[in-house]
Structures are given as structure tokens and as C-alpha cells.
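Structure record follows, encoded as C-alpha cells.
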There are 2 protein chains.
Amino acid sequence: MNQESELQIFRKYLQKKGLRYTPEREQIIKEIFLTHDHFDVDTLYLRMRQKGLQISKASIYRLIPLLIEAGLIEEVFFEDGHMHYEYIYGHEPHCHLRCISCKRIEEFRDPHWPDMEKMLKEKFGYEITNYKLEVQGLCPACKEKQKKE
Amino acid sequence: MNQESELQIFRKYLQKKGLRYTPEREQIIKEIFLTHDHFDVDTLYLRMRQKGLQISKASIYRLIPLLIEAGLIEEVFFEDGHMHYEYIYGHEPHCHLRCISCKRIEEFRDPHWPDMEKMLKEKFGYEITNYKLEVQGLCPACKEKQKKE
DNA sequence: TAGTGTAATGAGACACTTTAACAATAATTA
DNA sequence: TAATTATTGTTAAAGTGTCTCATTACACTA
């Protein structure tokens, strides 16, 4: 791929803000970018500890708003008492379809989004920065299970 | 209007579940339905206290999942460390457009939702129960303000 | 009407996530 | 080198939401 790497993006962002690129931040970011998946602070923290990386939770919490502002990650939903995040840079924008029974999450593209964005810009005058579409329902498997009961 | 009242809906729901319709629950529900607006637990609690209605927070917290399951309210977004809810029964389904600067929230209809719902049913086999579309951006006023700076 | 079982309540304790304060440390700048 | 500023880990604190528990209210039956 010929797009800028996440680290480059982030270093530029820090530089612009007069902030520092520290070893701790690098380790956290690399860990996040390793899986390119949903994550939350606690599992990220534990995963790093298991690898022997000793980073305090506070540093993770402090890093998250920076990564969000740099456009690398995004809040996706609040569940089980804490926020879940998602790596987004270089990913196709997508929506979440979650089963209310088994909690499984599938991703899908919203083909209408470009139209919607245009409408919101024209009709409401907004400068759109991001959007989040979350659909809840029963997945096929859980639907079957409910029938049998 | 000739639709069932919220209280009727809720009483039916309780009956079906073998739960009880208590004065406390009635007071909370009436307070929620009074404004038909977004709310969170703490402000609802304080509002009731100011009116001299003494309801414990625990009762509000306990009631919320019931109201959600009865289809009367919905979680709308998590902000400032707590969840915000919205009365939905009898309301046109709508989406939220929020300004990241002034926090103002506007509502709009998503004309593409019926198509999307159909697609998700057919392509993913889901039985859809609800959807939440939240768009963030800069409102016209804040956009102007930023230009001047 | 009395008795029994279940649900609901308020109060407070509790668990948990996230933020803040602080002193120590590292990087940057003059 | 000295001064400044950002960052870190630790610890404390704030805040939300859940749980426990004793008590109360209700529904049902005898």
C-alpha cells in the first residue's frame, strides 16, 4: 500500500500539536494496530501486560483522545460499562449490525451514505466529520433458536 | 390520537412479564413522558426531587431496561460519562446530527432506511429491532466562528 | 380475614471505569 | 548547562451504575 503509515500520521499529528512521540505511545499504538480490530482499554492493557510490556492504564487513557483526534481510531459503542474503540485509518467506512442475543457483530457498508452526507451538507449546512450507524436485531442463528423454544 | 397511551402499553408489558405497576413506576414514567425529550438518569432524578417526588435513583435505574424492552424509550448516546435516553413511542424514527463544537443536536429522517432494512433482512438474514444513526460534524454557526479565528 | 409467596422499594455499600493530582523523569529549547 | 515543558506511573478521587438487604406492598389462596 502506498498510503502513509499509521505511525507517520500520528507523528505528524503530535508534531503539529507540540507533543512528543514516546516509547510508551509507540508501544500502545503498535499493539492497537497489530489486530486492526475492535478493542477496549482493559483488554488492550491486559494484552500488553501478557507480552511483558509494562504500560500504565493512565497512559492508554491519555493516548486515546489523541488517536481519535488524529483520525486513527473511533469510539464505536459503549457496552458492559466501558467504551469500545475501533481502528479506522485506511479502512472502508462501515456500519455495525449486532445481534441482541449472541452479541455478535457484523460489519456492512451503507451504499446510501454519500447521498446522505450530501443532503446533510446542503440542507443543514453541516461540515460532516464522521457518522456511526448501528443496527440491532436477531441474527439468523438466534432467530432459529428462538423458534424452537 | 387514537394510539394506545404509553401507560397502557407499559401496563400490558408488565402484565405479560408478571411484574407490577407501582406508584413509583408511574411517577417516573409520567415524568419521562412529560417532556418527550432526551434525558439522563441524573437530571430526571433531580427534576423529580425538585417537584417533591421522592424516588430513589435505584428505582429509575431498574425501570429503564423495562421501558426499553417495552419499546417506549431507547438509548441514544453515551456522553459525559453516562447514557442518554430518548422517548420513542409514537415518534417518527429519526437520526441525530450533532455539532462537535457546540454539542447542539438536530434530528433528521433517513429516507434510505427502508431500503437498508430490506437489504439487511435479505442479505444477512437478520430480524431488525432498531437502528441508530448518529452523524457528527460542525454546524453552520460553529463553522463561521472557526473561520474568523 | 389471615397467611404465604413474590416483587418492589430505599438506602447504602460496592465494583468498575475514567479522570485528576502529584512527584519524578525525560526531552526540548534557550 | 539551566530552564521549560511534556510524559510517565502511582495513587487518589469522581462518577456511574449494580447489588445487597431489610422492609414494605401487593396478589393470591384458604
Side-chain angles (χ1 to χ4, degrees), chain A residues 7 10-32 38-49 51-70 73-86, chain B residues 7 10-32 38-70 73-85:
Chain A
L7 291 181
F10 190 58
R11 297 188 75 148
K12 273 190 188 169
Y13 167 81
L14 290 178
Q15 204 162 25
K16 208 180 69 187
K17 288 272 177 177
L19 305 175
R20 292 169 190 162
Y21 186 71
T22 66
E24 288 84 359
R25 286 179 173 169
E26 183 176 295
Q27 285 183 327
I28 300 169
I29 294 172
K30 282 188 173 169
E31 189 61 39
I32 291 174
H38 295 183
F39 69 95
D40 59 81
V41 170
D42 199 55
T43 50
L44 178 63
Y45 172 70
L46 292 175
R47 213 163 68 202
M48 293 185 73
R49 283 200 61 134
K51 292 189 179 179
L53 302 170
Q54 298 207 347
I55 300 288
S56 82
K57 265 191 194 176
S59 292
I60 299 179
Y61 277 113
R62 283 187 282 233
L63 181 58
I64 281 179
L66 303 181
L67 291 173
I68 291 176
E69 210 188 317
I73 67 170
E74 209 173 67
E75 295 184 341
V76 277
F77 48 79
F78 184 85
E79 191 172 69
D80 298 326
H82 57 265
M83 187 56 77
H84 295 247
Y85 303 90
E86 180 176 43
Chain B
L7 291 180
F10 189 58
R11 296 188 75 147
K12 273 190 187 170
Y13 167 81
L14 291 177
Q15 204 162 23
K16 207 181 70 188
K17 289 270 176 178
L19 304 175
R20 291 172 190 159
Y21 187 72
T22 66
E24 288 84 0
R25 286 178 174 170
E26 183 174 296
Q27 285 183 327
I28 300 170
I29 295 172
K30 282 189 174 169
E31 190 61 39
I32 291 175
H38 295 182
F39 69 94
D40 60 81
V41 170
D42 201 53
T43 50
L44 177 63
Y45 172 71
L46 292 175
R47 213 163 68 202
M48 293 186 73
R49 284 202 61 134
Q50 281 187 331
K51 292 189 180 178
L53 303 170
Q54 296 207 348
I55 300 289
S56 82
K57 266 190 192 175
S59 292
I60 299 179
Y61 277 114
R62 284 187 281 232
L63 181 58
I64 281 179
L66 304 181
L67 291 174
I68 290 176
E69 211 187 317
I73 68 169
E74 208 173 67
E75 295 184 341
V76 278
F77 50 79
F78 183 85
E79 192 172 68
D80 299 326
H82 57 264
M83 187 57 75
H84 296 246
Y85 303 91

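Each chain gets a letter, A, B and so on, in the order its sequence line appears, and its residues count up from 1. These values consider heavy atoms only, across backbone and side chains, with no hydrogens, waters or symmetry-generated copies.
- Contact check, B/Ser59 against C/dG10: a side-chain N or O comes under 4.0 Å of OP1 or OP2.
- Summarising the geometry, the separation between CZ on A/Phe78 and P on C/dC16 is reported as 14 Å, rounded to the nearest angstrom.
- With hydrogens and angles ignored, a donor-acceptor pair under 3.5 angstrom links the side chain of A/Arg20 to the base of D/dT5.
- Put simply, OH on B/Tyr61 is 17 Å from P on C/dC16, counting in whole angstrom units.
- Atoms CD1 and CZ, on B/Ile28 and B/Arg62 in that order, are 9.5 Å from each other to the nearest 0.5 Å.
- The side chain of B/Thr22 places no N or O atom within less than 4.0 Å of a non-bridging phosphate oxygen (OP1 or OP2) of D/dA25.
- Distance A/Ile64 CD1 to C/dT17 P: 13 Å, rounded to the nearest Å.
- Checking B/Leu14 against B/Ala58, the closest nucleotide of DNA chain C that is more toward the 5' end is the one next to B/Leu14.
- Taking both residues in full, the closest heavy atoms of B/Tyr13 and B/Ala70 are given as CG-CB, 3.7 Å, listed atom of the first, atom of the second, then distance.
- Residue B/His84 contributes atom NE2, which lies 12 Å from atom C1' of D/dT16 at whole-angstrom precision.
- Exactly one residue among A/Phe78, A/Phe77, A/Phe39 makes a ring pair (Phe, Tyr, Trp, His ring centres under 6.0 Å) with A/Tyr85. That residue is A/Phe39.
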Does the pair B/Glu75 and B/Ile64 meet the rule for a side chain to side chain contact (heavy atoms under 4.5 Å, CB included), with working shown?
CA-CA 10 Å; B/Glu75 295 184 341; B/Ile64 281 179; over 6 Å; no
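- The interatomic distance linking B/Leu63 (CG) with C/dT9 (P) rounds to 8 Å, in whole Å.
- In this structure, CZ of A/Arg25 is placed 14 Å from C1' of C/dT25, rounded to the nearest angstrom.
- Closest-nucleotide positions on DNA chain D for B/His82 and B/Arg62 were compared, and the one nearer the 5' end corresponds to B/His82.
- As a whole-Å value, the separation of B/Tyr45 OH from D/dG17 P is 14 Å.
- The distance between atom CD1 of A/Ile60 and atom P of D/dT10, rounded to the nearest whole Å, is 13 Å.
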